[in-house]
Amino acid sequence: MIRVRFLGADGRVAAETEAAPGTRLLALAQQLGLPLEGTCEGAMACSTCHVIVAPADFPKLGPLSVHEEDMLDFTPHVTPTSRLSCQVVLDEAVGMLEVRLPPAHADMRGI
Ligand code: FES
């Protein structure tokens, strides 16, 4: 099992849970009722699934695709450890993961 802690934009713990390998981070956040819309359902077209990964945990998630990097270039509140949670599939090697929600999301599709 993988342990995942979600922090709100204020840095306080919003949720903490366990996840099975193969779980998509966006789906986990949505199951917990966290405000990640995921409007494009993983098509990498909206960035409403943006999360900021704890710096110590960021390398555990592997490299970003060029398309994900391109989307993040236009995402508000992006940081060097930002990810699109729709592109993060958890595996056992992650162990423990902490991510923070950004202060705001914007739908990059402009709708
Ligand atoms: Fe739209 Fe992730 S759900 S970019």
Side-chain angles (χ1 to χ4, degrees):
M1 278 299 202
I2 303 135
R3 188 132 198 98
V4 182
R5 180 184 302 134
F6 290 94
L7 306 179
D10 60 2
R12 294 184 186 180
V13 176
E16 190 160 346
T17 190
E18 290 188 337
T23 301
R24 197 166 291 272
L25 187 58
L26 174 60
L28 184 65
Q30 291 177 332
Q31 284 168 15
L32 294 166
L34 297 171
L36 289 178
E37 287 181 31
T39 314
C40 77
E41 299 178 354
M44 277 197 280
C46 72
S47 88
T48 61
C49 63
H50 172 215
V51 294
I52 299 163
V53 180
D57 293 339
F58 186 74
K60 300 178 189 173
L61 300 180
L64 288 70
S65 69
V66 172
H67 192 169
E68 184 177 354
E69 284 184 0
D70 288 348
M71 275 303 297
L72 287 168
D73 282 345
F74 297 101
T75 300
H77 308 290
V78 73
T79 78
T81 61
S82 287
R83 292 294 308 260
L84 297 176
S85 60
C86 68
Q87 300 303 306
V88 176
V89 178
L90 301 171
D91 67 39
E92 200 74 62
V94 169
M96 167 70 199
L97 179 68
E98 183 176 279
V99 300
R100 182 166 51 87
L101 305 186
H105 287 102
D107 190 333
M108 300 311 286
R109 298 173 305 162
I111 54 174

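Here the structure is a predicted model, which is why all the values come from computation and not from measurement. Excluded from the calculations below are hydrogen atoms, water molecules and symmetry mates; all remaining heavy atoms, backbone and side chain alike, are included. Order of listing sets the numbers, starting from 1, for every ligand and every atom in it.
- Between Arg83 and Leu61, some side-chain heavy-atom pair lies under the 4.5 Å cut-off.
- Counting only protein N, O or S atoms closer than 2.8 Å to atom 1 (Fe) of ligand 1 gives 2.
- Glu69 pairs by the salt bridge (charged side-chain N to carboxylate O under 4.0 Å, His left out) definition with nothing, not counting sequence neighbours.
- Considering only residues two or more places apart in sequence or on other chains, Ala93 meets the side chain to side chain contact (heavy atoms under 4.5 Å, CB included) condition with Asp91.
- Across Cys46 and Thr39, no two heavy atoms sit closer than the pair SG-N, 3.6 Å.
- Not counting sequence neighbours, Glu92 has no partner by the salt bridge (charged side-chain N to carboxylate O under 4.0 Å, His left out) test.
- Enclosure of atom CD in Glu16 by more than 12 non-hydrogen atoms of other residues, nucleotides or ligands within 6.0 angstrom is indicated.
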